[in-house]
K.L.:
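Sharing a structure here in structure tokens format.
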2 protein chains.
Amino acid sequence: METTKTRATRAKTAVETQADLPTGLILPGDCVEAMRSLPDNSVDCVFADPPYNLQLGGDLSRPDGSAVDAVTDHWDQFDSFKAYDDFTRAWLTEARRVLKPDGALWVIGSYHNIFRVGAILQDLGFWILNDIVWRKSNPMPNFKGTRFTNAHETLIWASMGEKSKYQFNYRAMKTLNDELQMRSDWVLPICNGAERLKEGGTKVHPTQKPEALLYRVLLATTEKGDVVLDPFFGTGTTGAVAKRLGRQWIGCERENVYRDAAYKRIEKELPLDESVIETMQSKKSAPRVAFGSLVENGFLKPGTEVFDKKRRWVATVRADGSLELNGSEGKQVGSIHGLGKDLQGAPSCNGWSFWHYEDAASGGDMKPIDAARQLYLLATED
Amino acid sequence: METTKTRATRAKTAVETQADLPTGLILPGDCVEAMRSLPDNSVDCVFADPPYNLQLGGDLSRPDGSAVDAVTDHWDQFDSFKAYDDFTRAWLTEARRVLKPDGALWVIGSYHNIFRVGAILQDLGFWILNDIVWRKSNPMPNFKGTRFTNAHETLIWASMGEKSKYQFNYRAMKTLNDELQMRSDWVLPICNGAERLKEGGTKVHPTQKPEALLYRVLLATTEKGDVVLDPFFGTGTTGAVAKRLGRQWIGCERENVYRDAAYKRIEKELPLDESVIETMQSKKSAPRVAFGSLVENGFLKPGTEVFDKKRRWVATVRADGSLELNGSEGKQVGSIHGLGKDLQGAPSCNGWSFWHYEDAASGGDMKPIDAARQLYLLATED
DNA sequence: ATAACCCATGAATCTTCTG
DNA sequence: ACAGAAGATTCATGGGTTA
């Protein structure tokens, strides 16, 4: 992972040098061909919702006798696993070429195809970061009572390689999840109601994805201004959410009908106010605060005593932001992290949560020095 | 899928002819070699928890500096995807040979290995029935804040082929899930507390699976007396739950320590009372009753009027068990299913639930004719 | 107006037995 | 193998109509 600042700078440079990138456009034709027209190392994120290769038997009816509207479109038909694998390898290879070294890939699928996709992308060198389970709150039931209700789909999130500095907006996710770490299982409803695109009462696309899903993906792993490529654009959920969140987008889509619907849809989409997007990212992109700054600015005065939670050790804050262990007469000195590490004999230590101080403002309560950092951030906002 | 009765008969026959099966034993040595000693088509279910091929970099430590006891045992190291794939193909091939044609396979894994396992088992001819997400209610957090909390593992449930008559105890699962279809995402806690095997305070096996997981797997897809094979037996969760549920088991395990712990553990396990193990049976496995039998035996007299729920149609029961639509003068006649189908113009109709009658015994209440069938079944029970 | 009721529908590898 | 009949089978949600 990398700091936002570094990546932002790099992204900006890339956009400038790649002024010819067809952002805001849906490339027609086969997606592999279309991606060939894009330069190497030019996009920050690929989100792909490829055909699932469902292999359906006959018609299926509900217990009440009505028919299930199945996905029987030609684009989901493959002759064999071999044919599907070849197709998968082709588009993943192009996606890999087009991605920046620190870019990332998302693919969504079901048990019909996701194992093949996952194995192939590993073979190509992608490094899986998480598999994410989209738990559908309202899936279609299993009408015949023959299996477990197929109530989820799987997303794979992968970087270009083991050492890549991928983007992950940890704070934004934790904030979105009520101050708990965002887990690998996401509960979201399927796309229906007003969000579902319809033409004359029938759905435009059989497998339109919910915007909430793309919202979370883009918010978690891209930043403002990033270029997002969707090789299977469909009716443009990726583009609509990208526009809303201030990301640039490129689509590939073979079908005229889907392209038309997508353009119309994205046209109507309004970007969120810049300040809103900033706010969502504020905690994540908050500048690093040196402990010394707190001292410099009087949030913790030199001479203040700090101690671990169990008061096994007490140290004194020095003017330069270093700590000196009490009673050691200058022999045990270090940064908040380093001294904590040494005292515990641990491989690492987060000094912000290890060291505490007595907060006079709240009647002498013991608080981690991170609380002082939060006050500092609040005071220096903007 | 197949009725319980049919499979039960076959399973029994198989056990009799395979009296040499080493049930209740843990075969030492390499699992591929060990499986070679088992005859073809001899087990009903394979549950496998293979090495995950985890590729952890350096040592992992928590924010407080304590070390995470990562999976770095020698049996989990593989040189490359190629080596892991070869290993996977080898044990899956043996599992396939040993399984009966209507048997089934379960494999559990994480994103490190499950995509490779899934693709290979598809290549070998297994037919995926569901992928199941075990959603951990208490996963280990992501200490570094670099990814989403890895809060689930994935199981694949597969039959021997597209046309196999696999076992699925639909009613038992629905009952277990408070009368709603069991979904593909299962929320279960990880294995700890008293259930976790420890030796001198440290865990015996790094990846011991919770018994609740095996309980659900075996209850859903095996029946009493079935033979369950676990090629990666570990400390014997599969064997313990199998014994409890009245299933037979065979294990393979290389490590002496795990075998010893497993034997000790399973020895202590007590089988549940037979009556408790009986699962809720689906109607599919109840004996078939011809509508004519009800008429023959006086449970519905010839001349009785039957009608659909909204009384759009009324028909009269004839002496041979056929129905005649009132007012049609012999032109609209058929079986309970056929006439219901024709009147509705539906592709099919379950006459038992479509047609109703007035039950004099309960003051003229409207009841589906299935109620009469239930009375008949009750009266003719052994 | 509001509640009650009915109806439509969603990436689905969706039956079993007899002749 | 294939055709035909018997028989088993659904949950959450949104929108429209009725009471």
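We name chains A, B, ... by the order of the sequence lines, and we start the count at 1 in each one.
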K.L.:
Starting the side chain at C-beta, find the nucleotide from dG10(C), dC14(C), dT13(C) nearest to Arg196(A).
P.N.:
dG10(C)
K.L.:
Contact class for Asp131(B) (heavy atom, under 4.0 Å): base, sugar-phosphate, or nothing?
P.N.:
nothing
K.L.:
Could you say whether Ser137(A) or Ser348(B) is positioned toward the 5' end of DNA chain D, judged by the nucleotide with the nearest heavy atom to each?
P.N.:
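Nearest-nucleotide comparison on DNA chain D picks Ser348(B).
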K.L.:
Of all the choices, dG7(D), dT10(D), dT13(C), which nucleotide is nearest to the side chain of Ile128(B) once you look at every atom?
P.N.:
dT13(C)
K.L.:
Specify the separation, in whole Å, of atom CZ of Arg62(A) and atom C1' of dA12(C).
P.N.:
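Nearest whole value for this atom pair: 11 Å.
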K.L.:
Closer than 4.0 Å, any side-chain N/O of Lys165(B) to the OP1 or OP2 of dT15(C)?
P.N.:
no
K.L.:
Once you apply a heavy-atom cut-off of 4.0 Å, does Lys209(A) come out as touching a base, just sugar-phosphate, or nothing?
P.N.:
base
K.L.:
Salt-bridged, Asp185(B) to Lys136(A), with N to O below 4.0 Å?
P.N.:
no
K.L.:
For Trp127(B), report the nucleic acid contact type (base, sugar-phosphate, nothing); a contact means any heavy atom under 4.0 Å.
P.N.:
base
K.L.:
Using atom C1' of each nucleotide, how far apart are dG10(C) and dT10(D) to the nearest Å?
P.N.:
12 Å
K.L.:
Quick one: does any side-chain atom of Trp106(A) pair with a main-chain N or O of Ala48(A) as donor and acceptor, under 3.5 Å?
P.N.:
no
K.L.:
Reckon Gly338(B) touches a base, only the sugar-phosphate, or nothing at all at heavy-atom distances under 4.0 Å?
P.N.:
nothing
K.L.:
If you find the nucleotide of DNA chain D closest to Pro189(A) and the one closest to Phe143(A), which residue's nucleotide is nearer the 5' end?
P.N.:
Phe143(A)
K.L.:
Syn or anti for dT13(D), with syn set at within 90° of 0?
P.N.:
anti
K.L.:
Looking only at side-chain N and O atoms, does His337(B) come under 4.0 Å of OP1 or OP2 in dG7(D)?
P.N.:
yes
K.L.:
Please report, rounded to the nearest Å, how far the P atom of dT15(C) is from the CG atom of Asp102(B).
P.N.:
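Asp102(B) atom CG is separated from dT15(C) atom P by 15 Å.
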K.L.:
Apply side chain to side chain donor-acceptor pair (under 3.5 Å) to residues Thr235(A) and His205(A) and explain how you reach the verdict.
P.N.:
CA-CA 7 Å; Thr235(A) 48; His205(A) 195 285; 5.3 Å; no
K.L.:
Report the distance from atom NZ of Lys163(B) to atom P of dT15(C), rounded to the nearest whole Å.
P.N.:
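Rounded to the whole Å, the gap is 9 Å.
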K.L.:
Taking the six-membered ring of Phe126(B) as reference, does the NZ or CZ atom of Arg96(B) fall below 6.0 Å from its centre and within a 45° cone about the axis?
P.N.:
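Yes, a cation-pi geometry holds between Arg96(B) and Phe126(B).
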K.L.:
Answer yes or no for Arg135(B) and Trp186(B): cation-pi contact, defined as NZ/CZ to six-membered ring centre under 6.0 Å and angle to ring axis within 45°.
P.N.:
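No, Arg135(B) and Trp186(B) do not form such a contact.
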K.L.:
For dT13(C), does OP1 or OP2 lie under 4.0 Å from any side-chain N or O of Asn150(A)?
P.N.:
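For dT13(C), OP1 or OP2 has a side-chain N or O of Asn150(A) closer than 4.0 Å.
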K.L.:
To the closest 0.5 Å, what do you measure between CD (Glu324(B)) and CD (Gln332(B))?
P.N.:
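One gets 10.0 Å once the value is rounded to the nearest 0.5 Å.
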K.L.:
Taking pairing as Watson-Crick or G-U wobble with both contacts under 3.5 Å, can you name the mate of dC11(D), or confirm there isn't one?
P.N.:
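WC or wobble partner is dG10(C).
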K.L.:
Do the side-chain N or O atoms of Tyr170(B) get closer than 4.0 angstrom to the phosphate oxygens (OP1, OP2) of dT10(D)?
P.N.:
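For dT10(D), OP1/OP2 do have a side-chain N/O of Tyr170(B) under 4.0 Å.
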K.L.:
Using a cut-off of less than 4.0 Å, is there contact between a side-chain N or O of Arg373(B) and OP1 or OP2 of dA6(D)?
P.N.:
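So the side-chain polar atoms of Arg373(B) never come under 4.0 Å of the phosphate oxygens OP1 or OP2 of dA6(D).
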K.L.:
Using the C1' atom as the reference point in each nucleotide, state the distance between dC14(C) and dG7(D) in Å, no decimals.
P.N.:
15 Å
K.L.:
Picking from dC11(D), dC14(C), dA12(C), which would you name as closest to the side chain of His112(A)?
P.N.:
dA12(C)
K.L.:
What distance, rounded to whole Å, do you find between the two P atoms, one in dA11(C) and one in dT9(D)?
P.N.:
25 Å
K.L.:
Distance check needed: dT9(D) P versus Asn142(A) CG, whole Å only.
P.N.:
11 Å
K.L.:
Is Lys203(A) near enough to dG10(C) that one of its side-chain N or O atoms lies under 4.0 angstrom from OP1 or OP2?
P.N.:
yes
K.L.:
What nucleotide, of dT9(C), dA11(C), dA8(D), holds the atom closest to the side chain of Ser66(A)?
P.N.:
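For Ser66(A), the side-chain atoms sit closest to dT9(C).
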K.L.:
Pick base, sugar-phosphate or nothing for Leu180(B), based on heavy-atom distances below 4.0 Å to the nucleic acid.
P.N.:
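Since only primed, P, OP1 and OP2 atoms lie under 4.0 Å of Leu180(B), the category is sugar-phosphate.
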K.L.:
Taking for each residue the nucleotide of DNA chain C with the nearest heavy atom, is it Arg288(B) or Gly57(A) whose nucleotide lies nearer the 5' end?
P.N.:
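The residue whose closest nucleotide sits nearer the 5' end is Gly57(A).
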K.L.:
Given atom CG of Leu197(A) and atom C1' of dT9(C), what is their separation to the nearest angstrom?
P.N.:
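Going from Leu197(A) (CG) to dT9(C) (C1'), I get 16 Å.
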K.L.:
Measure from CG on Asn192(A) to C1' on dA12(D) and round the result to the nearest Å.
P.N.:
9 Å
K.L.:
Which of these nucleotides, dC14(C), dG10(C), dA12(C), is closest to any side-chain atom of Tyr111(A)?
P.N.:
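The nucleotide sitting nearest to the side chain is dA12(C).
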K.L.:
Centre of Phe81(A)'s six-membered ring, under 6.0 Å away, within 45 degrees of the axis: is that where NZ or CZ of Arg116(A) sits?
P.N.:
yes
K.L.:
Can you check the Lys198(A) NZ to dG10(C) C1' distance for me, whole Å?
P.N.:
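Interatomic distance, NZ of Lys198(A) to C1' of dG10(C): 10 Å.
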K.L.:
What does Asp69(A) touch in the nucleic acid at a heavy-atom separation under 4.0 angstrom: a base, only the sugar-phosphate, or nothing?
P.N.:
sugar-phosphate
K.L.:
Base, sugar-phosphate, or nothing: which does Pro210(A) touch, judged by heavy atoms less than 4.0 Å apart?
P.N.:
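The residue Pro210(A) makes no contact with any strand.
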K.L.:
Check the distance between dA12(C)'s C1' and His152(A)'s NE2 and give it to me in whole angstrom.
P.N.:
14 Å
K.L.:
Among the candidates dT13(C), dA12(C), dT9(C), find the nucleotide nearest to the side-chain atoms of Leu60(A).
P.N.:
dA12(C)
K.L.:
At 4.0 Å (heavy atoms only), tell me whether Ser110(A) reaches a base, stays on the sugar-phosphate, or touches nothing.
P.N.:
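Contact class for Ser110(A): none.
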K.L.:
Taking the six-membered ring of Trp352(B), is NZ or CZ of Arg373(B) closer than 6.0 Å to its centre and within 45° of its axis?
P.N.:
yes
K.L.:
Under 4.0 Å between a side-chain N or O of Ser353(B) and OP1 or OP2 of dA8(D)?
P.N.:
no
K.L.:
Closest to the Gln55(A) side chain: dT13(C), dA11(C), dC14(C)?
P.N.:
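Closest nucleotide to the Gln55(A) side chain: dT13(C).
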K.L.:
Between dT13(C) and dA12(D), how far is it from one C1' atom to the other, in whole Å?
P.N.:
23 Å
